[in-house]
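Quick note on labels: first sequence line is chain A, next is B, and so on, each numbered from 1. Quick caveat, the model's predicted, so the values are computed rather than measured.
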Amino acid sequence: MKELPDNYYYLNFCEMVRFVHDSYSHLLNDRELAFWNIFRELPYNSKLLYVRMLTRKGELFRLSKLNYSEIEKISETYHFLADCGFVSYDLRHYSLNEVLHLFTKNEWILLLQKKKCCTKELKKLKRSELDSFIITLFKDHDWRELIQEPILKILNQDILNTFQILYFGNSIQSLTDFVLRDIGISTFESYDMNSLHCLFNDRFSLDQTLKFYKIRDQFLESSSLSSKELLSYLNKLNDLSGLPKHILPKVNKCKYSISRELERIKDFDNAILGYGLAEGISRERLVRTLDKNKQAEKGLSLCEEIIQDPLNIEELEFAIFFKNKLAKKLSLPTLSAEVFKPLQTTINIHKNEEFSVELASAAYFDTLGNCYYVENSLFAPMFTLFFWDFIFCDVPGAFTNPFQYRPHDFYEHDFWAKRNVQLNIDWFKAYVHNNLNKFWYNWTTKKNTLAPFIYWPVLTKELLDQVFLNISHTKLAHIFLHLAKDMRGNKSGFPDLIFFPNKGGVKLFEVKGPGDSLQKNQKRWLSFFEGIELNAEVVNVRWC
DNA sequence: GAACTTTTGG
DNA sequence: TTCACACATTCTT
DNA sequence: GAATGTGTGTCTCCAAAAGTTCTT
Ligand SMILES: [Mn+2]
Ligand SMILES: [Mn+2]
């Protein structure tokens, strides 16, 4: 773990804001521009204190809780911040409710002694009960006289939020990502960002995006909403316009979640309405809800529409299956589809609460050879290691900050086309065959670097050696091509175990304990492995 | 004061 | 924010 | 037994400090 300078948080903040200021100055409004221009001129201590406050939870802080060894002359420091509009400290602007959590139970009880409250009685109360007691106590008079120290309110928190969204391109990452990188916990690939690209074209699209995040956060925090409330969320989302391309999927996902909630509370009409607004991503739920709402004909024709132009294999398989189901319901002719039946074996092992079924099975097979519990952490990561240079190459718009574990367009349909990779088996065969050195070079030099699909602890040399020894380049090429064709859809569903028996060869096992059954994506991979003649079967575990 | 959760900071 | 599993309920045969 | 829906565990970095709850 590396040592950080004692003003690390300040340096990180400046690095981020300076980047945003330099590359997005044309998007920033007067308030945001002033924020940075005034901040830069603040005394050093005030800048430190402000950023320290930014990294903490909430917006109110007791001065006594802001003691940092590197920040001196705290009183002077916060007054300067207040004069420049970065904090305020007027108690009259706070409600009792906001201030409650700033003091511990014991502190409140001490303060209330002056109000001749019975200490023993109060100590018996739970925190939440004490809170409501205090609220009622001060219903008619002022609580502020009790407070003897300044309470600071941080201002302009929303600006940091805006800057983070501009810098990272999402609302998940934050200044802590700098720290995690700098102390060596997460290593990011050092890709080029020469073809610099703006995630937002104009102020309007940025504002709409900020609005979207606000609506989504509000929805995610809420619970057991009524039909009316859910609809109002849906309408708010629908009123947004001019959103940048990379935000649209998030909006659709949010519309989907809201509609799913409408479906759960059995407001099928509005759920159907909402699924329709989510542009494609929710056609399966739309069909199911139409069926629940006694609109089987409409569901059936939507199934046909999906079959004509499916979004992915999952959707296609669903449409075929459900079309049949609805046809039966409507007494229409049906097609009997061929069902894939994977090979099955049964093993009896002792139940041990300590280990999962997968680990217990792996231990069982390990006595007959070498067995590893790899699930999705073998083939997809190998794929990433082979194609590393394509994944991290500098395509315009792919990388906009140093904290990405994958390019922005990773899951887009034209991802490989943009990188001049033909999704063609001969090309893949040749590529795998000719790039083993590259694979091992990446495995060695990129170790512990964050990358799509990769979970490093599983990827040991011992395991990979056996994979290359027992699985031909041709078969690997087939697997990689399948992955490349639909990375989102095919990154999961791989069998639990890979087994190298003592007598030689390789087998993939999907472990199923009692009461568990194959999932759709697991079936698809098993059937794919059958197609390329790679041994894969289901292991049913019986406890004994 | 043990056992637990939440917050903090590098 | 993910995937796979466990478990409950309902449908289908 | 299949299909469907819901909830859970394990991850997201980790250790120390602060705060709460409940037991002895
Ligand atoms: Mn599994
Ligand atoms: Mn399994």
Side-chain angles (χ1 to χ4, degrees), chain A residues 1-12 48 51-58 61-62 64-70 100-109 123-131 170-187 216 220 250 253 257 260-261 263-266 284-285 287-289 291-292 317-318 321-322 324-325 328-329 339 356-359 373-377 380 405 411 448 450 452-453 455-458 488-497 510-523 525 541:
Chain A
M1 204 167 272
K2 284 170 222 162
E3 285 275 307
L4 299 184
D6 69 352
N7 63 346
Y8 71 92
Y9 52 94
Y10 166 75
L11 298 176
N12 295 340
L48 291 184
V51 181
R52 279 290 195 190
M53 290 170 79
L54 271 179
T55 63
R56 285 180 50 171
K57 215 186 162 184
F61 304 94
R62 286 159 63 185
S64 64
K65 295 286 173 183
L66 294 172
N67 41 8
Y68 295 99
S69 58
E70 77 278 14
L100 274 175
H101 75 279
L102 296 180
F103 297 86
T104 69
K105 249 179 88 172
N106 285 336
E107 285 172 328
W108 274 117
I109 290 168
K123 280 194 169 166
K124 282 182 197 160
L125 296 178
K126 283 190 183 173
R127 175 75 218 219
S128 55
E129 293 165 340
L130 181 69
D131 287 350
N170 61 56
S171 66
I172 300 161
Q173 290 179 283
S174 66
L175 286 168
T176 54
D177 285 69
F178 283 81
V179 180
L180 295 183
R181 176 195 61 180
D182 294 340
I183 62 179
I185 285 174
S186 35
T187 311
R216 190 185 65 171
L220 292 175
K250 297 176 202 272
K253 215 169 161 189
S257 304
R260 191 76 183 78
E261 207 48 46
E263 187 192 340
R264 260 190 275 271
I265 62 171
K266 298 201 161 33
E284 171 177 341
R285 291 268 31 117
V287 171
R288 288 187 187 279
T289 311
D291 178 37
K292 286 186 191 175
E317 284 180 354
F318 163 77
F321 161 79
F322 215 82
N324 243 332
K325 184 173 165 173
K328 227 174 268 175
K329 209 170 196 173
V339 200
S356 62
V357 220
E358 293 88 356
L359 284 173
Y373 178 22
V374 295
E375 219 161 51
N376 301 325
S377 306
Y405 72 96
Y411 287 122
N448 295 326
L450 293 169
F453 310 138
Y455 179 63
W456 286 100
V458 174
R488 200 191 280 285
N490 294 333
K491 68 182 169 182
S492 60
F494 288 95
D496 293 314
L497 310 180
E510 172 50 47
V511 177
K512 287 296 162 201
D516 187 14
S517 52
L518 283 176
Q519 297 175 23
K520 287 182 183 176
N521 54 356
Q522 296 175 331
K523 264 187 202 166
W525 269 115
V541 174

Touch class at under 4.0 angstrom, heavy-atom based, for A:Asn376 against every strand present: sugar-phosphate
Protein-nucleotide distance (A:Ile185, atom CD1; D:dT12, atom C1'), rounded to Å: 12 Å
Phosphate OP1/OP2 of C:dA4: any A:Ser492 side-chain N/O under 4.0 Å: yes
Distance between P atoms of C:dT2 and D:dA15 (Å, rounded): 26 Å
Side-chain donor or acceptor of A:Asn106 paired with backbone N/O of A:Ile109 under 3.5 Å: no
Separation of atom CG in A:Leu497 from atom P in C:dC5, rounded to whole Å: 10 Å
Whole-Å gap separating C1' (D:dT20) and CZ (A:Phe103): 18 Å
Nearest-neighbour nucleotide for the A:Lys253 side chain, D:dG19, B:dG10, C:dT2 considered: C:dT2
Phosphate-side-chain proximity, A:Lys325 and D:dT4, N/O vs OP1/OP2 below 4.0 Å: yes
Separation of atom CG in A:Asn106 from atom P in D:dT21, rounded to whole Å: 11 Å
Touch class at under 4.0 angstrom, heavy-atom based, for A:Tyr68 against every strand present: sugar-phosphate
Pair A:Glu317-A:Lys520, salt bridge (Lys or Arg N to Asp or Glu O under 4.0 Å): steps then yes or no: CA-CA 9 Å; A:Glu317 284 180 354; A:Lys520 287 182 183 176; over 6 Å; no
Sugar-phosphate, base or nothing in reach of A:Arg488, heavy atoms under 4.0 Å: nothing
Sugar-phosphate only, base, or nothing, as touched by A:Gly513 at under 4.0 Å among non-hydrogen atoms: nothing
Atom pair distance, as rounded to whole Å: CH2 in A:Trp108 and C1' in D:dG19: 16 Å
Touch class at under 4.0 angstrom, heavy-atom based, for A:Lys123 against every strand present: nothing
Spacing of the P atoms in B:dC4 and D:dT10 (rounded, Å): 16 Å
Pairwise 5' ranking along DNA chain D for A:Glu284 and A:Leu125, keeping only the more 5' one: A:Glu284
Sugar-phosphate only, base, or nothing, as touched by A:Lys512 at under 4.0 Å among non-hydrogen atoms: sugar-phosphate
Side-chain N or O of A:Lys65 closer than 4.0 Å to phosphate OP1/OP2 of D:dA17: no
Among D:dG19, B:dG9, D:dT21, the one nearest A:Arg56 by side-chain distance: B:dG9
Under 4.0 angstrom between A:Lys520 side-chain N/O and C:dA4 OP1 or OP2: no
Sugar-phosphate, base or nothing in reach of A:Phe453, heavy atoms under 4.0 Å: nothing
Nearest-angstrom distance from the residue atom NE2 of A:His101 to P of D:dA18: 17 Å
A:Arg216 vs A:Ser257, side chain to side chain donor-acceptor pair (under 3.5 Å): CA-CA, chis, key distance, verdict: CA-CA 10 Å; A:Arg216 190 185 65 171; A:Ser257 304; over 6 Å; no
Short side-chain N/O contact from A:Arg264 to OP1 or OP2 of D:dG7, under 4.0 Å: no
Phosphate OP1/OP2 of B:dT7 contacted by A:Lys57 side-chain N/O (<4.0 Å): yes
N or O in side chain of A:Arg181 less than 4.0 angstrom from B:dG10 OP1/OP2: no
A:Arg288 side-chain N/O to D:dT4 phosphate OP1/OP2 under 4.0 Å: yes
Gap between atoms CD and P, on A:Glu358 and C:dC5 respectively (whole Å): 5 Å
Validation row: A:Tyr373, A:Asp496 side chains within 4.5 angstrom (heavy atoms): yes
Sugar-phosphate only, base, or nothing, as touched by A:Leu180 at under 4.0 Å among non-hydrogen atoms: base
Selection from D:dG19, C:dT1, D:dG5 that lies nearest to any side-chain heavy atom of A:Arg260: D:dG5
Value in whole Å for how far the P atom of D:dA2 lies from CG of A:Asn324: 17 Å
N or O in side chain of A:Asn521 less than 4.0 angstrom from C:dA4 OP1/OP2: yes
Audit row: A:Lys491, A:Tyr411, side chain to side chain contact (heavy atoms under 4.5 Å, CB included) steps and yes/no: CA-CA 11 Å; A:Lys491 68 182 169 182; A:Tyr411 287 122; 3.3 Å; yes
Between A:Ser492 and A:Asn521: side-chain donor-acceptor atoms closer than 3.5 Å: yes
Euclidean distance for P, B:dT6 against D:dG9 (whole angstrom): 15 Å
Main-chain N/O of A:Thr104 paired to A:Glu107 side chain as donor or acceptor, under 3.5 Å: yes
A:Gln522 vs C:dC5: side-chain N/O to OP1/OP2 distance below 4.0 Å: yes
Nearest-angstrom distance, C1' atom, D:dG7 to B:dT8: 31 Å
D:dT10 pairs with, by Watson-Crick or G-U criteria that keep both distances under 3.5 Å: none
Touch class at under 4.0 angstrom, heavy-atom based, for A:Gln173 against every strand present: nothing
Sugar-phosphate, base or nothing in reach of A:Tyr8, heavy atoms under 4.0 Å: base
Contact under 4.0 Å: A:Gln519 side-chain N or O vs C:dC5 OP1/OP2: yes
Main-chain N/O of A:Leu125 paired to A:Lys105 side chain as donor or acceptor, under 3.5 Å: yes
Presence of salt bridge, A:Asp177 and A:Arg181, under 4.0 angstrom: no
Distance, C1' atom - from B:dG10 to D:dT4, rounded to whole angstrom: 47 Å
N or O in side chain of A:Arg52 less than 4.0 angstrom from B:dT8 OP1/OP2: no
Touch class at under 4.0 angstrom, heavy-atom based, for A:Phe321 against every strand present: sugar-phosphate
Below 4.0 Å: OP1/OP2 of B:dT6 and any side-chain N or O of A:Arg127: no
Short side-chain N/O contact to D:dG5 OP1/OP2 from A:Lys292, under 4.0 Å: yes
